[in-house]
Amino acid sequence: MEGIQHRMVNVNGITMHVAEKGQGPAVILFLHGFPELWYTWRHQILALSSLGYHTVAPDLRGYGDTEAPTSITSYTCMHIVGDLIALIDSLGVEQVFLVAHDWGAIIGWYLCLFRPDRVKAFVCLSVPFIPRNPKMKPLESMRLFFGEDYYICRFQEPGKIEAEISHFGTSKVLKKIISSHKPGPFCLPKDNAFSINPDTPVTLPSWFSEEDLSYYANKFNKKGFTGALNYYRAFDLYVTWKTLLPNETSKLFCFHQRYRDDFLSVYCRNWELTAPWNNVQVKVPVKYIVGDLDSVYTTPGMKDYVQSGGFKRDVPLLDAVVVMKGVGHFINQERAEEINSHIYDFVKKF
């Protein structure tokens, strides 16, 4: 695609696919969300590279042509940030401009929290910083406020949502998700998770073509969705015998029962892993952009947090909040030229 180069990079014990364009000394690192790929940034890569930036967009761990470890426990925030630090090191720069959307934004916040020294400035799309609640794990609060049908809750059981996607077909599910402008919270009913009706065809939006859909579908058909879904399963993952892979289970059986219980209770949770950063502010310059129809922004409580001072309290270097009218979740594709301008106007300050 118009001079975009592709290569594989060894990072943090896995092989990562990277798309890039441009030769400038300043690097813009783009992080995609779910269910997407490096490809979501195609418009930004072309635009910002033409303005003198070295633009870099990986397929994140578990996605596209990047390696997908099989264990859920390989998808914690520490693993993903570790991948990114290794990628930045491989680029030969000390700092990058960061642009991220959806799950990429969540990982972007972790990167800014853990290693602010590696991020010059952050353009965040859709998902604001969400401070850690030391009294309640994320899934507990989600179930309490939004119920068991909330999409993150529905994604928790390994294999279940993958089977539902397989039943309807990758293309139909992706088309439904990408075309949706339904305000949040995003819930998936158990009888038909994606509300797909074969008698009611879904029309793709003007900003997403059948060729774009085909690219996504081919990659997800090849890779599957499990790696991508494992990000959600690592939120506050409690590893049980049911979620362990057979080879991991066999290793654990050799432990004395007392040690096995201790091991299982602390094995791996994002919520527990981030305890050392409780009440820590994100001290990186940030520009936040969201659509007023985004299911994240329209989730109860989110708009108030962003607009009423909570966000600024937690991110004191928040430079601007931009709410784009009539725009949904996939903002960097839906309003590509405007997002390109917003990114450039911000990063050129530094």
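Just the heavy atoms: all of them, side chains too, but no hydrogens, waters or symmetry mates, feed the values below.
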>> The test is salt bridge (charged side-chain N to carboxylate O under 4.0 Å, His left out); show your working for E164 and R154 and say whether it passes.
In response: CA-CA 11 Å; E164 295 184 45; R154 291 275 276 115; 3.0 Å; yes
Work out which heavy atom in [X] is nearest to a heavy atom in [Y]; give both atom names and the distance.
X    : Y    : result
E67  : I14  : OE1-CA, 3.4 Å
T66  : K223 : O-NZ, 2.6 Å
V321 : V306 : CG1-CG1, 3.8 Å
Q95  : V119 : NE2-O, 3.7 Å

Test item: [X] and [Y] side chains (from C-beta on) under 4.5 Å apart, heavy atoms:
X    : Y    : result
F30  : I343 : yes
E210 : K175 : yes
V282 : D314 : no
L91  : V56  : yes
F129 : L318 : no
S166 : F225 : no
Y232 : P138 : no
P128 : M302 : yes

Indicate the ring-plane relationship of [X] and [Y], choosing parallel, tilted or perpendicular according to the 30° and 60° boundaries.
X    : Y    : result
Y231 : Y75  : tilted
Y216 : F220 : tilted
F330 : W207 : tilted

Donor-acceptor check, side chain of [X] to backbone of [Y], threshold 3.5 angstrom: yes or no?
X    : Y    : answer
S180 : I177 : no
R313 : Q281 : no
W41  : P58  : no
E334 : I331 : no
N270 : C77  : yes
N332 : A336 : no
K283 : C112 : no
R132 : W271 : yes
T299 : S295 : yes
K287 : H342 : yes

> For the rings on W103 and F235, is their centre-to-centre separation under 6.0 Å?
Replying inline: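 Centroid distance W103-F235: below 6.0 Å, so yes.
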>> Using the ring centroid of each side chain, check whether W277 and F114 are separated by less than 6.0 Å.
In response: yes
Would you say the side chains of [X] and [Y] form a donor-acceptor pair under 3.5 Å?
X    : Y    : result
H6   : H17  : yes
D294 : S126 : yes
Q23  : H54  : no
Y344 : Q44  : no
D345 : S341 : no
Y39  : D212 : yes

Quick check on the hydrophobic clustering: are [X] and [Y] connected, directly or via other members, by side-chain heavy-atom contacts under 4.5 Å?
X    : Y    : result
M8   : Y63  : no
F122 : L317 : no
Y297 : L293 : no
V202 : V173 : no

If you round to the nearest 0.5 Å, how far is [atom2] of [Y] from [atom1] of [X]?
X    : Y    : atom1 : atom2 : answer
E162 : E157 : CD    : CD    : 9.5 Å
L84  : D89  : CG    : CG    : 11.0 Å
L51  : L46  : CG    : CG    : 11.0 Å
N10  : T15  : CG    : OG1   : 4.5 Å
S195 : K182 : OG    : NZ    : 6.0 Å
K176 : F168 : NZ    : CZ    : 10.5 Å

>> Determine whether H329 and H181 satisfy the following criterion, ring pair (Phe, Tyr, Trp, His ring centres under 6.0 Å), listing intermediate values before the conclusion.
In response: CA-CA 7 Å; H329 183 64; H181 261 200; over 10 Å; no
>> Assess the residue pair T40 and Q333 against the criterion (side chain to side chain donor-acceptor pair (under 3.5 Å)); give the C-alpha distance rounded to whole Å, side-chain angles, the decisive distance to 0.1 Å, and a yes or no.
In response: CA-CA 7 Å; T40 188; Q333 298 187 80; 3.2 Å; yes
> Ion pair present between E148 and R143, side-chain N to carboxylate O less than 4.0 angstrom?
Replying inline: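 Salt bridge: yes.
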> So, D319 and K349, do they make that salt bridge, N to O below 4.0 Å?
Replying inline: yes
Would the number of heavy atoms belonging to other residues, nucleotides or ligands and lying under 6.0 Å from [atom1] of [X] be above 12?
X    : atom1 : result
K172 : NZ    : no
K348 : NZ    : yes
K222 : NZ    : no
N279 : CG    : no

> When you look at E272 and K137, which way does the salt bridge (charged side-chain N to carboxylate O under 4.0 Å, His left out) test go after all the steps?
Replying inline: CA-CA 9 Å; E272 288 188 350; K137 302 169 194 173; 5.8 Å; no
